[in-house]
Amino acid sequence: MAVVLAISPARENPLPQLEILGHQVVQIGFDASQLVSAPRHDITLLDCRTDLANAKAMARILLAANWSKPIVLVVTEASLAAVNADWGLTDFIFDSASLGEVDVRIRLASTLSQKINEQSEIDSGLNIDDSSYTAKISGRTLDLTFKEFELLRYLNENPNRVFTREQLLSEVWGYDYFGGTRTVDVHVRRLRAKLGESESLIGTVRNVGYRLDPKGNASE
């Protein structure tokens, strides 16, 4: 079953059908700062039923952040007229859709999410095994600490998306971590050293932070 991040002005699940189908739904509001702490998920659900202006603003933020997860809009007949390709959507679902239709559309989006991850691994030569907490680059096993593995996995799950040091510290180390952002710099430096010839996978975006580019063109 999929983990769905629902972005809604009222921090509610705009598709109750998802829970009936057994999917896990995590809800946040129309607040870009909440995207920083968004948990790992397979699909992003954007609620466009009532507040179209702010829904479109959120869509633009997701696009600017190079959001790697499929974006599915929840719409009504009235709101659908305002939706176009500029929203960066993968698909849309009417809030009144049948259980069967929701099931199919979510399964298709989940498949796309999996293909994106697989393509990222093909492009980068990086293979990450969550079950054994191991990572390989071009068939070579990397000797990583737990936090190095978590950092590499998180960047790999969001290819081409730029993260500030504060975002990475929050997501990988957690809010209860008392160290400073230099911790992120140290771990990135160690990861690059262990990646060897593939160190360019993790690039520095000047005055912003870090991103992983599967094609190895991440440095700026």
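Sequence positions, counted from 1, serve as the residue numbers for this chain.
Evaluation of the salt bridge (Lys or Arg N to Asp or Glu O under 4.0 Å) rule for Asp185 yields Arg165 as partners, not counting sequence neighbours. Residues forming a side chain to side chain donor-acceptor pair (under 3.5 Å) with Thr141 (at least two apart in sequence, or on another chain): none. Considering only residues two or more places apart in sequence or on other chains, Ala109 meets the side chain to side chain contact (heavy atoms under 4.5 Å, CB included) condition with Ile43, Pro70, Val72. For the side chain to side chain contact (heavy atoms under 4.5 Å, CB included) test, no residue two or more places apart in sequence or in another chain qualifies with Asn207. A search for ring pair (Phe, Tyr, Trp, His ring centres under 6.0 Å) contacts involving Phe163 returns Tyr154, not counting sequence neighbours. Under the side chain to side chain contact (heavy atoms under 4.5 Å, CB included) criterion, Val162 pairs with Val205, Val208, Arg211, sequence neighbours left out. By the ring pair (Phe, Tyr, Trp, His ring centres under 6.0 Å) test, His187 is found to be paired with Trp173, residues two or more places apart in sequence or in another chain being considered. Residues passing the ring pair (Phe, Tyr, Trp, His ring centres under 6.0 Å) test with Phe30: none are found, sequence neighbours excluded. A search for side chain to side chain contact (heavy atoms under 4.5 Å, CB included) contacts involving Arg11 returns Gln34, not counting sequence neighbours.
Applying the side chain to side chain donor-acceptor pair (under 3.5 Å) definition to pairs two or more places apart or across chains, those involving residues 47-56 are Ser8-Asp47, Glu12-Arg49, Asp47-Arg49, Asp51-Asn54. Identified under the salt bridge (charged side-chain N to carboxylate O under 4.0 Å, His left out) test for residues 143-156, with sequence neighbours left out: Arg40-Glu150, Asp130-Arg153, Glu148-Lys194, Glu150-Arg153. Sequence neighbours left out, the pairs with a member in residues 74-91 that pass side chain to side chain donor-acceptor pair (under 3.5 Å) are Thr76-Ser79, Asp91-Arg105.
In this structure the side chain of Val3 never reaches within 4.5 angstrom of the side chain of His23, judged on heavy atoms. Side-chain contact between Asp42 and Val4 is absent, with no heavy atoms from C-beta onward closer than 4.5 Å. Side-chain contact between Val83 and Leu89: present, with at least one pair of heavy atoms (C-beta onward) separated by less than 4.5 Å. The closest side-chain heavy-atom distance from Leu62 to Leu35 is below 4.5 Å.
Residue Arg60 qualifies as open at atom CZ: its count of foreign heavy atoms under 6.0 Å is 12 or below.
To the nearest 0.5 angstrom, Leu73 atom CG is 8.5 Å from Leu45 atom CG.
Although no hydrogens or angles enter the test, the distance criterion places a donor-acceptor pair under 3.5 Å between the side chain of Gln17 and the main chain of Ala97. Checked by atom type and distance alone, the side chain of Ser170 never pairs as donor or acceptor with a backbone atom of Glu166 at under 3.5 Å.
A side-chain donor from one of Thr204 and Arg192 sits under 3.5 Å from a side-chain acceptor of the other.
For the pair Pro214 and Leu201, the tightest heavy-atom approach, listed with the atom from each and the gap, is O-CD2, 3.7 Å.
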